[in-house]
**Student:** 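Here's a structure for you.
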Number of protein chains: 2
Amino acid sequence: MPNQLFNSNTTRADSVFTDLRTRIVEGEITPSSKLSEPELAKYYQISRSTLRDALSRIEACGLVERKANIGYRVVALSTEGLLELFQVRESLEGMACRLAAQNMSENQIVQLNELLNIHQQDEPLQRGQGYIQQEGDLDFHYQIVMGSGNKQLIRLLCEELYYLVRMYRYQFGMPSPRAKRAFNEHQNIIQAITDKDGELAEILMRRHIAASRLNVEKRMNVNE
Amino acid sequence: MPNQLFNSNTTRADSVFTDLRTRIVEGEITPSSKLSEPELAKYYQISRSTLRDALSRIEACGLVERKANIGYRVVALSTEGLLELFQVRESLEGMACRLAAQNMSENQIVQLNELLNIHQQDEPLQRGQGYIQQEGDLDFHYQIVMGSGNKQLIRLLCEELYYLVRMYRYQFGMPSPRAKRAFNEHQNIIQAITDKDGELAEILMRRHIAASRLNVEKRMNVNE
DNA sequence: ATTGATAAAAGTGTCGACAATAATATTTGT
DNA sequence: ACAAATATTATTGTCGACACTTTTATCAAT
């Protein structure tokens, strides 16, 4: 359907992979819904082979699941799954933050501070409105993970879990009351990184993510 | 080549995936080596399509890498990569251990203790000889991760990282001097889990893995 | 002999078709 | 009318072939 999708220098499977991933993350393709290979292949006007190529990569991101002889299905979202995701992030990003404090170059630290300045001047973001705040938040976490220099961490977080995180945010929304507080926590984390205090940086990051998780847990209990 | 490989109730791609994964993990297919699709397809007497299906799943395990128009290549192993893997394990398994202390059933804890008893009675394992010790060690870690009940953790560790861990062990060997000490650390970890002390369990597991990492780092500095 | 351009070979990306399995619709028996 | 068994349809698994890209081999020129 989207016509000018294959005009780059990448493969067709690559383009479809990227597009499909976005449509799943943003909820255009509903969670838990079945994916029909013939249907999708027709939609993108490609063969089932290249579609399957794209789908297998999306499966590696954890966005779809596959059963033999049954096919692909978008993952199901649940509050339990969201909490599990927070726990994994708490441990992984905590470690990433520790390593970032040890390994980030001066230049990278400057860039991180600049990102925070942008966030500070952005009014709606400060109020935690809209999904801009969410993306801004992920940018921050993203840069720290990249700064860790650990390829496994980068792969697990930036190429897998973060897509699921964004998917949850599109579907469940973001706890806005924490926006202002979250910004302050970001500031403290950067301070620890600037001081090259890896131990503290890890603790602060873990608390930062745990606070978000507890916020969700609180909302959970209210709504049941 | 291996004749009776397809006699189960799974798909061909599934069988090839499992077999190929083992051959890569155990080093029969050398790290960093190029994988020729026609060659492998001929070896397994399957079409390239189903081979690619198997390969894409192996890529999801992080055992091979793929470049567009170039093909698949077994991942390169390096001491830096091994240290990065330790850091990821330290954070993930630390969290898994904390959750295991909170969530494991009585039955699961009993089973964990039984595993340790088996290890205690196994003489060569106590001396840390051969790869039996290695597999026994992984069994222990495996059970704890499963006991965490966190599906993301289980997926990341048991279905991805542990295969790479085993691949490194086959290639680099295992630091034997730590065998006895490692066993004692396992005991202490189980004690914390039995006491349902999640905080302590996490700390002990992190130290346990960090100790292995430091051991490797020490050997690294000697050999250079 | 070495380098650069050109041609041949091999390899990956993509396609459409058939086979095997699962899901659906129909028939049959009570 | 309902249930179980059967037949039909649709979907996934697998295959072989062709197109395009990369690599290797050949050749030309200095």
Side-chain angles (χ1 to χ4, degrees), chain A residues 1-21 23-24 29-61 63-76, chain B residues 1-21 23-24 29-61 63-76:
Chain A
M1 208 68 148
N3 253 341
Q4 298 302 67
L5 190 65
F6 303 137
N7 275 10
S8 73
N9 50 0
T10 66
T11 65
R12 270 168 239 261
D14 216 345
S15 308
V16 171
F17 163 61
T18 306
D19 187 74
L20 206 53
R21 187 181 56 189
R23 291 174 63 203
I24 291 174
I29 301 179
T30 317
S32 304
S33 65
K34 174 86 166 58
L35 296 179
S36 161
E37 292 182 11
E39 190 181 312
L40 276 174
K42 191 180 172 188
Y43 175 90
Y44 285 110
Q45 300 190 331
I46 57 175
S47 73
R48 272 183 56 224
S49 309
T50 91
L51 174 72
R52 274 150 88 63
D53 191 339
L55 281 174
S56 71
R57 285 190 245 175
I58 290 179
E59 187 184 13
C61 296
L63 296 181
V64 301
E65 290 169 339
R66 181 190 182 188
K67 282 184 184 170
N69 290 313
I70 305 255
Y72 289 95
R73 184 173 284 277
V74 180
V75 292
Chain B
M1 209 63 150
N3 252 341
Q4 297 302 69
L5 190 65
F6 303 137
N7 275 11
S8 72
N9 49 0
T10 67
T11 66
R12 269 169 238 263
D14 216 344
S15 307
V16 171
F17 163 61
T18 306
D19 187 75
L20 204 53
R21 185 181 57 188
R23 291 174 64 203
I24 292 174
I29 300 179
T30 317
S32 304
S33 64
K34 174 85 167 56
L35 296 179
S36 162
E37 293 182 11
E39 189 182 313
L40 277 174
K42 191 180 172 188
Y43 175 90
Y44 285 111
Q45 299 189 335
I46 57 175
S47 74
R48 270 183 59 223
S49 309
T50 89
L51 174 71
R52 271 149 91 55
D53 190 340
L55 281 175
S56 71
R57 286 190 244 176
I58 291 179
E59 187 183 13
C61 296
L63 297 181
V64 301
E65 290 168 340
R66 180 189 182 188
K67 281 184 185 170
N69 290 312
I70 305 256
Y72 289 95
R73 184 173 286 276
V74 180
V75 291

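Every chain is numbered from 1 and lettered A, B, ... according to where its sequence line falls, protein lines coming before strand lines.
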**Student:** Pick the nucleotide of DNA chain C nearest each of A:D14 and A:I70; which residue has the one closer to the 5' end?
**Tutor:**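 With A:D14 and A:I70 compared, the 5'-side residue is A:D14.
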**Student:** Passes side-chain contact (heavy atoms from CB on, under 4.5 Å), B:E39 versus B:K34? Steps please.
**Tutor:** CA-CA 11 Å; B:E39 189 182 313; B:K34 174 85 167 56; over 6 Å; no
**Student:** Between the side chain of A:R73 and the main-chain N/O of A:E65, is any donor-acceptor distance below 3.5 Å?
**Tutor:** no
**Student:** Between A:R73 and D:dT12, is there a contact of a side-chain N or O with OP1 or OP2 at under 4.0 Å?
**Tutor:**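 For D:dT12, OP1/OP2 do not have a side-chain N/O of A:R73 under 4.0 Å.
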**Student:** Apply side-chain contact (heavy atoms from CB on, under 4.5 Å) to A:Y44 and A:D19, showing your working.
**Tutor:** CA-CA 10 Å; A:Y44 285 110; A:D19 187 74; 2.5 Å; yes
**Student:** Rounding to an integer number of Å, can you tell me how far B:L51 CG sits from D:dG16 C1'?
**Tutor:** 15 Å
**Student:** Looking only at the side chain of B:N69 (C-beta and beyond, no hydrogens), which of the listed nucleotides D:dT12, D:dG16, C:dG13 gets closest?
**Tutor:** C:dG13
**Student:** Could you state the CG-C1' distance from B:D53 to C:dG13, rounded to the nearest angstrom?
**Tutor:**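 Roughly 16 Å, once rounded to whole Å.
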**Student:** Of B:S49 and A:A68, whose closest DNA chain C nucleotide lies nearer the 5' terminus?
**Tutor:**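 The residue mapped nearer the 5' terminus is B:S49.
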**Student:** With distance as the sole test, does A:T30 use its side chain to make a donor-acceptor pair with the main-chain N or O of A:S33 at under 3.5 Å?
**Tutor:** no
**Student:** CZ of B:R48 versus C1' of D:dG13: gap in Å, rounded?
**Tutor:** 17 Å
**Student:** Over how many whole Å does the gap from B:R12 atom CZ to C:dA20 atom C1' extend?
**Tutor:**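 B:R12 atom CZ is separated from C:dA20 atom C1' by 10 Å.
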**Student:** Round to a whole Å and report the spacing from OH of B:Y44 to C1' of D:dT14.
**Tutor:**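 That distance rounds to 17 Å.
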**Student:** Rounding to a whole Å, what distance do you find between B:Y72:OH and C:dG11:C1'?
**Tutor:** 13 Å
**Student:** Touch check for B:L35, heavy atoms < 4.0 angstrom, all strands: base, sugar-phosphate only, or nothing?
**Tutor:** sugar-phosphate
**Student:** How long is the line joining NZ of B:K67 and P of D:dT23, in whole Å?
**Tutor:**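 Checked: the NZ to P distance equals 10 Å.
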**Student:** For the atom pair CG (A:L51) and CG (A:L20), what is the distance rounded to the nearest 0.5 Å?
**Tutor:** 7.0 Å
**Student:** Under 4.0 Å: is that the gap between some side-chain N or O of B:K34 and OP1 or OP2 of C:dT12?
**Tutor:**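 Yes, because at least one side-chain N or O of B:K34 sits under 4.0 Å from OP1 or OP2 of C:dT12.
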**Student:** Distance check: side-chain N/O of A:T50 vs OP1/OP2 of C:dT14, anything under 4.0 Å?
**Tutor:**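 Looking at the OP1 and OP2 atoms of C:dT14, neither is under 4.0 Å from any side-chain N or O of A:T50.
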**Student:** Please determine whether a side-chain nitrogen or oxygen atom of A:R52 lies at a distance below 4.0 Å from atom OP1 or OP2 of C:dC15.
**Tutor:**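 So the side-chain polar atoms of A:R52 never come under 4.0 Å of the phosphate oxygens OP1 or OP2 of C:dC15.
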**Student:** D:dC15 C1' sits how many Å from B:K42 NZ, rounded?
**Tutor:** 17 Å
